Student: 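The structure's right below; bear with me while I get my questions together.
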Amino acid sequence: PGVSFETTAPTSTANRICTPVTQCGTSTEYETHAPTLTSDRLCKALRLCDTATEYETTSPTGTSDRDCLTLRVCNATTEYESNPPTGSSDRVCLPLSRCRNGTEFES
């Protein structure tokens with residue numbers, strides 16, 4: 001049998017009652033409190049990064065949630081996007097170059 005915890009203590013006239021420990025969903029939850037001899041494991045849903053506005057900075061583990069940060073927004077008047085964001089990296093913005101007066105022009 002799997003791991004269980006005691007939900008009802010034994011008495012002089014009754015045996016203890018044990019219940020199987022909850023298993024966290026491996027791709028949807030993480031463990032917030034480990035089981036003990038008398039308490040169940042507690043699981044919490046993993047955070048999902050909003051891919052339109054966030055990227056993942058720390059991957060989840062069996063006992064920790066993922067971390068997400070807000071994607072950088074390039075300033076269109078002074079910067080351009082040189083590298084687009086991915087699920088685990090921010091976009092890279094670089095300064096716009098300036099044309100040298102009289103020797104260069106914007107095409």
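In this text the structure is predicted, and so the values were computed from the model without any measurement. In this chain, numbering begins with 1 at the start of the sequence shown.
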Student: Just by modelled atom types, is the Ile17 backbone N or O under 3.5 Å from a matching donor or acceptor in the Thr7 side chain?
Tutor: yes
Student: For Thr57 and Asp67, indicate whether the former's side chain and the latter's backbone hold a donor-acceptor pair under 3.5 Å.
Tutor: yes
Student: Run Ser82 and Val92 through side-chain contact (heavy atoms from CB on, under 4.5 Å) and show every step you take.
Tutor: CA-CA 6 Å; Ser82 66; Val92 176; 3.3 Å; yes
Student: Run the salt bridge (Lys or Arg N to Asp or Glu O under 4.0 Å) test against Glu29 and tell me which residues pass, sequence neighbours left out.
Tutor: none
Student: For residues 42-52, which side-chain donor-acceptor pairs fall under 3.5 Å, sequence neighbours excluded?
Tutor:
from, atom 1, to, atom 2, distance (Å)
Arg47, NH2, Glu54, OE2, 2.6
Asp50, OD1, Ala52, N, 3.0
Asp50, OD2, Thr53, OG1, 3.3

Student: Mind checking what makes side-chain contact (heavy atoms from CB on, under 4.5 Å) contact with Thr70, not counting sequence neighbours?
Tutor: none
Student: Name all residues meeting the side-chain hydrogen bond (donor to acceptor under 3.5 Å, both in side chains) criterion together with Thr8; count only those two or more places apart in sequence or in a different chain, and write none if there are none.
Tutor: none
Student: Quick one: list whatever passes side-chain contact (heavy atoms from CB on, under 4.5 Å) with Ser27, sequence neighbours left out.
Tutor: none
Student: Write down the atom of Cys18, the atom of Ser4, and the distance for their closest heavy-atom approach.
Tutor: CB-OG, 3.8 Å
Student: Can you list the residues that meet the side-chain hydrogen bond (donor to acceptor under 3.5 Å, both in side chains) rule with Ser97, with sequence neighbours excluded?
Tutor: none
Student: Can you list every pair that meets salt bridge (charged side-chain N to carboxylate O under 4.0 Å, His left out) and has a residue in residues 79-89, with sequence neighbours left out?
Tutor: Arg72-Glu79, Glu81-Arg91
Student: About how many Å separate SG of Cys74 and CG of Leu96, when rounded to the nearest 0.5 Å?
Tutor: 9.0 Å
Student: Going by side-chain contact (heavy atoms from CB on, under 4.5 Å), name the residues that satisfy it together with Thr38, two or more places apart in sequence or in a different chain.
Tutor: Glu6, Thr36
Student: Side chains of Thr22 and Asp40: do they bring a donor and an acceptor to under 3.5 Å?
Tutor: yes
Student: Can you sort out the partners of Pro35 under side-chain contact (heavy atoms from CB on, under 4.5 Å), two or more places apart, ordered by chain and number?
Tutor: Val21, Glu31, Arg41
Student: Can you list everything that forms a side-chain hydrogen bond (donor to acceptor under 3.5 Å, both in side chains) with Thr28? Sequence neighbours excluded, please.
Tutor: none
Student: How far does OG1 of Thr61 sit from OH of Tyr30, to the nearest 0.5 angstrom?
Tutor: 9.5 Å
Student: For residues Phe5 and Leu37: do they belong to one hydrophobic cluster (side chain heavy atoms under 4.5 Å, members Ile, Leu, Val, Met, Phe, Trp, Tyr)?
Tutor: no
Student: My understanding is that a hydrophobic cluster links ILVMFWY residues whose side chain heavy atoms are under 4.5 Å apart, including indirect links. Using that, what else belongs to the cluster containing Tyr55?
Tutor: Leu69, Leu71
Student: Considering residues at least two apart in sequence or located in another chain, which fulfil the side-chain hydrogen bond (donor to acceptor under 3.5 Å, both in side chains) criterion with Thr77?
Tutor: Asn75
